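For the numbers below, each heavy atom of this structure counts, side chains included, while hydrogens, waters and symmetry mates do not. What you are looking at is a predicted structure, and each value in this text was computed from that prediction instead of being measured.
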Amino acid sequence: MTAETAPPRPDAGVANRFLELAQAATGRTPAVRLRAWDGSEAGPHGVPVVVLRERGLLRRLLWHPNELGLARAYVAGEIDVDGDLGDALLRVRAEAAAVRRAPWRVRAGVGARAAALALRLGMLGRRPARPPTEAALTGSRHSPRRDRAAVAFHYDLSNEFYQLILDPSLAYSCAYWPEGTTADLAAAQRAKLDLICAKLRLRPGDRLLDVGCGWGSLACHAARHHGARVTAVTVSGQQHAFVAARIAAEGLDELVDLRLQDYRDPVGGGYDAVAAVEMGEHVGAAEYPAFAARLRDLVRPGGRVLVQQISRGAHRPGGGAFIEAYIAPDMHMRPLGATVSLLEDAGLEVRGVEAMREHYGRTIRHWLARLEAQWPAAVGLIGLERARIWRLYLAGGAQVFEDGRMGVDQILAVRPGVGAQ
């Protein structure tokens, strides 16, 4: 019988020692149960069980006692959760907050005890290597070359994988449930696309620029259902190949002009409408004023611009250490008001803002459920480590929107001029 399958020993072992450290750091009983590699268990019952699978876990956390260290341990399988991952994340986050509130003398004392425990358990050693699944971008931040690499890291993961977790339209952005509706994800994404087209007042023959078109959900919807003539741009090679095939299959060749290019490259002008759906997060802080001015210049006087974008509090502009390392490097978000100001400073007149935060938690819950339901297929497509990355990303992502730590909004603006309304 291995240590992992041995009966738990609630009165002794590694789990108890970790529990004692946690209690010393927070002054309370941890809100999760612990199970260690030696079979020992400790902590309350009826809550998620955090499983400490490997001796090297503490060494990793001693080198990186933060979100990134925990994420690396989870991705590597050194730590796991028996029970609801989202619930466990909430509880661990509360424990981390309690540790941060503890006096520095308490934290220093616990750190010394942790080092002593690591020494007794033979866990001390050199800094663990950075996992190969982490992003390692080079070059100037938000240069076109580096932006292409950042986009490729996230969006070129696997078209088949995104088909696995998204709705059939492959809309990779917040869906929209009109008040009182209980539609499935596909219907909610159609409702979001209709909402965008309605706000842009698209009519047959109108010229729409879709900046960062993803897998073509908005471009194809606007062309097919509203008769718009769409120019769609992306810097993702895999997305470009997918959308090109989709346009051909849906017979939209005469209405959709697909381009593999950066938004900063020439793309014409005088558009009746411009949309940037959850693309502005990838632009960068220093570059956003020029991005906003570019949107203004691309639309005709009186034309409409819709930006759907994620927002964060003033003191947490990035995606966090885990997001930066494993999901979307170089992301930058800001408070909603700051984005509105940047669009206005560029010469756009903001006509309306619609908050959709609650809808994003619901959207991500659907994506997570699809991932869990098709877990073996997901592992087969992207490998176990990356599948675990996405499980952690989606479980945590749903929470941050549900808790109000992040928001998402549709900002509608008009370029002043004749016919503006």
Side-chain angles (χ1 to χ4, degrees), residues 169-176 189-236 239-240 242-244 246-280 282-283 291-309 343 346-352 354 356 409-421:
S169 78
L170 266 72
Y172 184 40
S173 56
C174 181
Y176 176 73
Q189 290 290 12
R190 285 195 300 272
K192 185 269 302 293
L193 297 174
D194 279 331
L195 182 65
I196 291 173
C197 292
K199 289 180 177 181
L200 293 173
R201 296 183 179 176
L202 292 181
R203 297 168 297 183
D206 279 355
R207 297 178 63 233
L208 167 67
L209 174 64
D210 184 5
V211 183
C213 67
W215 287 273
S217 58
L218 175 59
C220 292
H221 184 89
R224 186 188 314 109
H225 296 289
H226 298 271
R229 293 176 294 147
V230 185
T231 299
V233 300
T234 178
V235 295
S236 164
Q239 285 183 340
H240 182 270
F242 182 92
V243 180
R246 179 176 186 171
I247 291 169
E250 296 184 18
L252 298 174
D253 304 76
E254 295 185 2
L255 288 176
V256 182
D257 174 19
L258 175 66
R259 303 187 185 186
L260 181 63
Q261 67 171 73
D262 193 282
Y263 74 91
R264 290 163 283 205
D265 296 334
V267 70
Y271 290 93
D272 299 293
V274 175
V277 180
E278 294 181 30
M279 178 270 178
H282 301 287
V283 170
F291 171 71
R294 181 87 170 120
L295 298 182
R296 178 197 179 277
D297 292 343
L298 288 167
V299 72
R300 63 168 174 79
R304 295 192 153 213
V305 173
L306 185 138
V307 174
Q308 180 171 312
Q309 194 165 303
L343 294 172
L348 290 166
E349 181 182 339
V350 173
R351 291 296 184 88
E354 183 169 1
M356 301 173 66
D409 310 275
Q410 284 187 353
I411 307 168
L412 178 65
V414 173
R415 177 175 176 177
V418 177
Q421 56 179 320

Notebook entry, point to check: Roughly how far apart are R229 CZ and L208 CG, rounded to 0.5 Å?
Noted result: 11.0 Å

Item checked: With D409 via salt bridge (charged side-chain N to carboxylate O under 4.0 Å, His left out) - residues at least two apart -> none

Checklist line | R300 and R207: CA distance, side-chain angles, deciding distance, side-chain contact (heavy atoms from CB on, under 4.5 Å) verdict | finding: CA-CA 10 Å; R300 63 168 174 79; R207 297 178 63 233; over 6 Å; no

Margin query: Rounded at 0.5 Å granularity, tell me how far CG in L258 sits from CD1 in I247.
Written below: 4.5 Å

Please list every donor-acceptor pair under 3.5 Å in which a side-chain atom of residues 209-222 meets a protein atom from a residue at least two apart or in another chain.
{"from": "W215", "atom 1": "NE1", "to": "N159", "atom 2": "OD1", "distance (Å)": "2.8"}
{"from": "H221", "atom 1": "NE2", "to": "D194", "atom 2": "OD1", "distance (Å)": "2.7"}

Check: How far apart are the closest heavy atoms of L202 and A228, and which atoms are they?
Finding: CD1-CB, 4.3 Å

Note to self: Please enumerate all residues that pass salt bridge (charged side-chain N to carboxylate O under 4.0 Å, His left out) together with D262, with sequence neighbours excluded.
What the structure shows: R264

Note to self: Please report the interatomic distance CG(D206) to CZ(R201), rounded to the nearest 0.5 Å.
What the structure shows: 11.5 Å

Check: What's the spacing between M356 CE and Q308 CD if we round to 0.5 Å?
Finding: 5.0 Å

Notebook entry, point to check: If you look only at pairs with a residue in residues 250-270, which of them pass as a ring pair (Phe, Tyr, Trp, His ring centres under 6.0 Å), with sequence neighbours excluded?
Noted result: Y263-F291

Notebook entry, point to check: Is any side-chain heavy atom of L306 less than 4.5 Å from a side-chain heavy atom of Q410?
Noted result: yes

Notebook entry, point to check: Should R190 and S169 count as side-chain neighbours, where that means a heavy-atom distance under 4.5 Å?
Noted result: no

Notebook entry, point to check: What is the minimum heavy-atom distance between G268 and L298, and which atoms define it?
Noted result: O-CD2, 3.3 Å

Note to self: Assess the residue pair R294 and V267 against the criterion (side-chain contact (heavy atoms from CB on, under 4.5 Å)); give the C-alpha distance rounded to whole Å, side-chain angles, the decisive distance to 0.1 Å, and a yes or no.
What the structure shows: CA-CA 11 Å; R294 181 87 170 120; V267 70; 3.8 Å; yes

Notebook entry, point to check: Residues in salt bridge (charged side-chain N to carboxylate O under 4.0 Å, His left out) with R296, at least two apart?
Noted result: none

Next item on the list: First locate atom CD of Q309, then atom CE of M279, and finally report the distance between them rounded to the nearest 0.5 Å.
Entry: 9.5 Å

Next item on the list: Taking the side chain as every heavy atom from C-beta outward, state whether T234 and V243 have any atom pair closer than 4.5 Å.
Entry: no

Item checked: NE2 on H226 to CG on L255, rounded to 0.5 Å -> 12.5 Å

Notebook entry, point to check: Got a sec, which residues hit side-chain hydrogen bond (donor to acceptor under 3.5 Å, both in side chains) with Y176, two or more places apart in sequence or on another chain?
Noted result: none

Next item on the list: Spell out, as yes or no, whether a donor-acceptor pair under 3.5 Å connects the side chain of Q189 to the backbone of S173.
Entry: yes

Check: Can you find a heavy atom in the side chain of R304 that is under 4.5 Å from one in the side chain of V299?
Finding: no

